[in-house]
Each structure stands twice: as C-alpha cells, then as structure tokens.
Amino acid sequence: MNIFRNIFKNNMFIFLVLIFGFSVTANSAEGTTFKNLKPGFSFEGPFGKFDKESLKRGYQVYSEVCSSCHGLKQLSFRNLSQPGGPEFSIERVKEIASGYSITDGFDEYGEPLERSMLPSDRFPRPYGSKEEAKGANNGAYPPDLSLIVKARADGYNYLYSLLKGYEEEIPEDLDIGDLSYNPWYPGGAIAMYQPLYDESVEYEDGTLATIDQMSYDVANFLTWAAEPTMEERKRLGFIVMGFLIIFVILMYLSVSRLFRDVH
Amino acid sequence: MTDTNDNQDPSRRDFLYITTAVFGATGAASVAWPLIDQLNPSASVSALSSIEADISSIPEGGSMKVAWRGKPIFIRRRTKEEIELAEREDSLNLPHPEKDLDRVINKEWLVVVGVCTHLGCVPIADSGDFGGWFCPCHGSHYDISGRIRKGPAPTNLEIPPYEFVSENIIKIG
Amino acid sequence: MNHDYQYTPKNGFSKWLDKRLPLMRFADENLLSFPTPKNLNYFYTFGFILTMCLVTQIITGIVLAMHYVPNTSLAFDSIEHIMRDVNYGWLIRYMHSNGASMFFLAVFIHMFRGLYYGSYKEPREIIWILGVVIFLLMIITGFMGYVLPWGQMSFWGATVITNLVATIPVIGEPVLTLLLGGYSVDNPTLNRFFSLHYLLPFVIFGVVILHIWALHVTGNNNPTGIEVKDDKDTISFHPYYTVKDLFAYVVFLLMFCYFIFYNPNILGHPDNYIEADPMLTPAHIVPEWYLLPFYAILRAVPDKLMGVLLMFGSIVVLFFLPWLDTMKVKSARYRPLYKIFFLFFVIFCLLLGYLGAKPPEGIYLLLSRVSTIYYFAFFLVIMPILSRIEKPSPMPIGISNPAINNTSDSDGGVSGTPSYAMDSK
C-alpha cells in the first residue's frame, strides 16, 4: 500500500480533499425549518427499486385528487407501462388514455378535430394557461408535478410530510388569512387546501386509504414521475461500479509492478 | 536505477498486463454503446411507430392520407373496376412483377407508403398514365396497385406492415 | 531513457511517412519516450485526468446538442426529453452536468499542486499563464452551460452575473445590452450562450495543446522542485506515467460514477428543476459550487464596482504569480514558512467556498472579508516578502541523490545554467 501511504504522507492532501466535501455541504445546507418526516421508501439506497403497487396506488390518487389542479406535463400515458414504473399493462394504459380527449388536427372544413387520447399522448393539462390556473385558485398557481420531487430539497420526504402535515390548530402568532396552515410549508401558510382525507379514494387493490398511506403512495409515484429512469440508472451503476472496482485493482497491481524497479 | 527489466517471472507480468489491458479496452468499448444508441429513435418517437386509422369515412374510389413515422401512407378504397384492372394487369410484363393479390390484405383496400421508390418524393394521386399515382419529381408512373409501370423508380410502392383491427380501423406499424 | 535516443522508423511505411509527416516521431517523442522525472506523485496525474474531463465534456456535449433546443420556450422541456425519452439520455446528461463539477474539482487540485510545488516558477511561467487562461475559459464555459437548462437558477444566475457588467461606469449599460441581445436575459441570450458554450471547449482544447507544448519544452517540475539533471532522474512517459495516470483516472472515475449513478443531483440546485420564470426570483441565488469562492469575494465588498473588480482580480492576480514569488526554491517541501501560509491559503479558499453559499450578513460577511483579504494578501504581500526573507530547509542535491546539499546557496537546484533536461535532444 505504498501508494496510499505516499498520498497521505503529503500534508496538503487532506486539505485538498476537503474542498469538495466542504462545497457540497455548503451547497446543500439549506432546508425547511421543519425537519422532514422520513417514512422510508423502497427506492432509497443504491439498490432501491420502486414499489410497483404503491406506484399504481399513487397514480390513482394523483388522477383522482391531484390532477384536478396539478399537471404532469412531462409524462405520457405510455410511461405508465414502461419498465421501472407502475408497469400497468398496455391494455390498461390504452384504457386510461382513452378516458381523455384532445383536439388534434383539423377536418376538411378547418374545424379542430377531437379524438380520444392514445398512450403516446402527454397527460392532459388541468388548465389552458397559467392565468386560468391562477384565476381558478385564488391567484395561487398550482405547480406542475412532473419534477416536483427534484425541485424541492429532500423532495419525497418533504412531499410526504407536507401532504399529511396539515394542522387545524394555527399558532397564535401566525396570520394566514384565507390560507391553510401546514408547518412543513416554508412560512407555514399554504394556498393549497388539505387535499387528502381518509378514504379520499377507494384503492383498487383494497388497501385502506388512510391519509398516511395516500401521502406515501403519492410521494412514491411523483418520485418515479420526476425520474422514470431511476431503476435503470441504479442497475447500470451497479455494473459500472463493479467493473471499475475490479479494473482499479488490476490497475493498482500493474502500477505497483511497473514502479517496483524505479527507485 | 531506472532499470526497467523485470527480473520476475515474465509470464506472470505479461498475464497481469494483458488482463488489465483487455479489461480497459472492454470498458472503453462499452462506453461507445450509449453514445451510439442515443442516435436511435427516442422513446417518444418509437411510441408513434404504430398508428391506427379510421377508414369508415372513405367512399368507394376515395382515398386518404395518414402520416406514419413521418411518411405519408395512402389508403385507397378501390372500386370493382379498379380491382379487376389491377388483377388483369398481373400478367403483363411488369418492371417489378408482383401480383395484386400479394399486395393487399383485403382487395378493396390498398395501403401503400406514399414515397416514390426512386428518390423519396411523394407521388400525386389519381394521375399518371396508369390510373394510379404519378411522381412529379422524375416522372414515375404507378398503377392502381401501386406498382411501377413507367419511369425511373426501381420498385413498386412499399407496403407498410398493417392489419385490420376491426372492420373500420387499420393499425399501421 | 537515453538522451541520445532517437526515434527510428521500423518499417517501410513508417519511413515513408516519417519523411512526409513525422506523426509517429512526434507521438514517440511527446507521448512514449518523453523523459519524465521519476519522482512524480499522484498530484501530477491531474493533467491527464483533466484532459479526460475535457474530452468527456466535449463528447457528451456534442451528443446533448443533438437533442437540446436553445429556445426559451423549449429548452427546459428538451432537457426533460433527453432525461426521459432519448436512449441513455439521462446517462449522457448526468455525465455532462456532473462532469463539469469533476472538471473543476480536478482543476482546483491541479492548481493547488502547482502552487505548492512552485510549478509556475522559471522556466515554467508560460505553462502557468496558459493554465490560468484555460481556467478562465472554463469558468465562462461552465457559467454559460449552466444557463442552458433554463431552470430558475439558470435564469437568475445569468441575470445576476451579466448585471455585473452594468457596474462598469459609462459603458456598462450599453455593453450589457450588447451581451444580452436585449434588455434582460431572454431568448437571444440563450441562443448566443448556447453557441458560445459549444465553441469555447474547442478553444480550451487549443489552449490545452499550447499548455502541453510549453510543458514539453521545459519538462515537468517535480515534488522536489529540483530540475532534472541527467538520465538517472527520468523515466520514459510510457509505460510508467501512462499507466500511473490511467490508474489515477480510474480512481477518479469511481468517484465520478458514484455521482452519476447514485447521487446525480447533489451537486446541482433543486431550483433548477423549476422552469425559468422572469417574474419570480428564488429566495437564494447561488452559483454552482465551483464558483462559490468567487461569489463570496464579490459579495464581501460593500461597493458594487469594487466587488466586481476584486472578483475578476482574484483570477487576474494569478497571471502575475511567477513575478510575485521570486524565491528560487520551488517546492514548498523545502520552504517551512511558505508551507504554513499555503495551508492557510487553502483553508481560506475552502472557507470562501462555504461562505459563497451563505447569506452575506453577520459573521458570514465578516469571515468573507477576512478570507478575501487573506486571499489577496497571500499573493500580493506574503509571497513577495517570503521571497526575500525565507530561509529554505536543507535540500537534496538532486532527484536521484538524497544527500543534502551543503552549499546551501538557496538556488533551488537551478544552479548555473538552467538544466532543462530536454535540450540535449
């Protein structure tokens, strides 16, 4: 282990390594004042995979509750059947898609044509424009949820905490006006009314739809929605890292052998 | 001091170096695959690689054009006379001999890729000397079975993979 | 390695080629048999690692440009298209975004190494200056690249940084308008940033060639800072340093791959996954981590124009390094005082990086100011003074000769005529 001893012998090494760690922590040091709940998700960790059943339930909650105000514009229905996601059957996806319609193209008189959606179509948007969305929601814009998990620090835990974190009792020193109180939301006053109540949906698989369960499922679903390629990424990562570890050992042996006679 | 001769067992040294080199080369080569594969059609493009067309509104003798993989598809509902003509001409000395029956699933419906086999222009319907299509770019004439009859195009209009999902729906691709 | 060694073409074709385009001779002299000090440690592998970083960024960048759309209404969605739909698009994009961080990490280590071992000193001034040019180009390229995803941080980072130009008296405003192609960061800005972000890496590549060319004229410095005296001090570049560099690169790759595959977004900011909104500024605007030290210097100064000048000055001062530190002894190994000041310098640089991410108030502001002062004092005060007063510790006679040089003329081994090992060729 000559090489490593040599590296550590050098007293500037430690400081240089710190550059990185330092900057990384400096960069990610922000966060909400309230510490997020951590229910523990199956997709966490280097070998994490999505819980397909939870994703399916999460989609159900999204489509029955969230989708009335929040879009999911980066997703197409076909994504619901691709590997590494909820993996609905293709027939089921066709059925889901055909439940929505879209204007596409024109007939011979120039009138817009309406057709039912196909798996290749994007999820429908709840509002035609940002202005319409604001108008319908007292001036607050319900953000698109495609990337919400990546767009918030500690996204999925935050989302889970937020969804189940509505509280009736408002602290006395907080004036929230027409808004709702949610200690997990920065500032505490959130424009979104509490969206989930026990049995807001009736799960197809018979799971009891508690607020906790639904929050968990939606956080799961939206994590997948933010990065549908996560499972592929971790799978490929395992192969690459494995390869590199073996290669690095071979390289180490080669270097030691090569330099053995250099004094 | 900088003697580079390895006085150890040379075969062991070679084995180590060769293994390392092979490993490295394999790794470098596999990096190429993502860089090549990204050139292939993306998932959003592939998702459109099969389409369904509703043909219920086409009258006898009429036709419609749909886009499939960025190319026009001609769907023609042929009349009895046109079918007879096409079958009669099977016996002629055609530049690219094909029987009309081999070019259709249902005789009434001709489905062809509307791209001239010469250099990729889109032929015009109901024109040319043979009652089918005529390509304005270099003057290729196609008959009512989409077969090349005159002009520079080497082969008949291509038939896309398709099937009748129901009486009125054709799934192309 | 023998200095009388000459490349000799072995077969008919290489003889024929050698007379017309001595490509093989060039490769042999510069890559294979190039005499390199035999005592280079792992800090000297970062040159190769950086070359690989540049190549990786260029290749992945060309691929990304095949799918990216530089238009304000499509840019953000086209990145998501790459992430979701393009085959291996997520991999290539994560390689590129994390690759930028790896590139800067490696360049910082490379520069600190140069500072520690005195690699900027005679006769290597040009190598150092070209290196600073590369660093400057990297910063510009990295900044423009960060704008392209058109997220909130892209937009507001671009707004804040381009507005620095407006602080220049008289011409500031018109120059800003010229730079942006409008009165705020918008589609024309995005388009030109994309164009330049594509161009500059090739400019960097050109300067890298000059950087290496200059290096091959003087030969490498080494951890002792004592110039190569004869063949005993050197080994051929290949296979010794090709293999050693490659080993270091694979170790580096392990870390790189950890980020790509297991933590691809930790080095970025969540706000950049929100599409740019010119009407809504995020609570905190922070640049990418590698620009934080400079951002901290900018904000440490109460006067806006002075802040901008100091920020640019913090890089410009590097150009003058060879003439600020005139001490003959190169390596900090034999400079007990410089070594201590250098360690403080590293600490203050790290501190600046940390402070760049904090709001400029209270203790943070105070610390930023102290660090900024030390940063400049290190170059402008400490280095010139140390050059005069520091007494180097005993040094070996040569790279291969550990015996202590008792003559102690503190000339750092460059006694008499500079012995650029290569000139005997």
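All figures in this text were calculated on a predicted structure; none of them were measured in a lab. A, B, ... follow the sequence lines: proteins, then strands. Residue 1 opens every chain.
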Let me know if Leu250(A) has heavy atoms under 4.5 Å from chain C in its side chain, its backbone, both or neither.
neither
Carboxylate-amine/guanidinium contact Glu275(C) Lys73(A), below 4.0 Å:
yes
Out of curiosity, Tyr273(C) OH to Lys150(A) NZ, how far, rounded to the nearest 0.5 Å?
3.5 Å
Can you confirm whether more than 12 heavy atoms, excluding those of Ile90(A), are under 6.0 Å from its CD1 atom?
no
Can you find a heavy atom in the side chain of Leu236(A) that is under 4.5 Å from one in the side chain of Tyr88(C)?
yes
Counting neighbours of NZ on Lys38(A) that are heavy atoms of other residues, nucleotides or ligands and sit closer than 6.0 Å, is the number greater than 12?
yes
Do the numbers put Lys234(A) on top of the ring of Phe261(C), so that NZ or CZ is under 6.0 Å from the six-membered ring centre and no more than 45° off the axis?
no
Of the listed Pro143(A), Gly48(A), Pro46(A), Ser254(A), the one with the largest count of heavy-atom pairs under 4.5 Å with chain C is Pro46(A)
What's the separation between atom OG1 in Thr229(A) and atom CG in Leu91(C), rounded to the nearest 0.5 Å?
9.5 Å
Between atom OH of Tyr262(C) and atom CZ of Phe238(A), what is the distance when rounded to the nearest 0.5 Å?
7.0 Å
Is Gln152(C) close to chain A through its backbone or its side chain, or both, or neither, when contacts mean heavy atoms under 4.5 Å?
neither
Need one label for Ser76(A): side chain, backbone, both or neither, based on atoms under 4.5 Å from any heavy atom in chain C.
neither
Are Pro228(A) and Arg84(C) side-chain neighbours, meaning at least one heavy-atom pair lies under 4.5 Å?
yes
Counting heavy-atom pairs under 4.5 Å with chain A, which one of Asn265(C), Asp271(C), Val250(C) comes out on top?
Val250(C)
Carboxylate-amine/guanidinium contact Asp277(C) Lys130(A), below 4.0 Å
yes
Do Leu147(A) and Phe76(C) come within less than 4.5 Å of each other through their side chains, counting heavy atoms only?
yes
Name the region of Asp85(C), side chain, backbone, both or neither, that has any atom closer than 4.5 Å to a heavy atom of chain A.
side chain
When rounded to the nearest 0.5 Å, the distance separating CH2 of Trp90(C) from CD of Glu232(A) is 5.0 Å
Checked Gln82(A), Glu227(A), Met241(A), Arg233(A) vs chain C; the most non-hydrogen pairs under 4.5 Å come from Arg233(A)
Flag the pair Lys38(C) / Phe259(A) as yes when at least one side-chain heavy-atom distance between them is below 4.5 Å, and no otherwise.
no
What's the shortest heavy-atom distance between Cys257(C) and Leu244(A), and which atoms?
SG-CD1, 3.6 Å
Closest heavy-atom contact between Ile274(C) and Ala151(A)?
CG1-CB, 3.6 Å
So which part of Tyr258(C) gets closer than 4.5 Å to some heavy atom of chain A, the side chain, the backbone, both or neither?
both
Okay, Val248(A) and chain C: the region with an atom under 4.5 Å from a heavy atom over there is both
Which region of Leu253(C), side chain (C-beta onward) or backbone (N, CA, C, O), has a non-hydrogen atom less than 4.5 Å from a non-hydrogen atom of chain A, or is it both or neither?
both
Option that, when pairs with chain A are counted at under 4.5 Å, heavy atom only, ranks first among Pro239(C), Pro293(C), Ala332(C)
Pro239(C)
Separation of Ile245(A) CD1 from Leu254(C) CG (nearest 0.5 Å)
6.0 Å
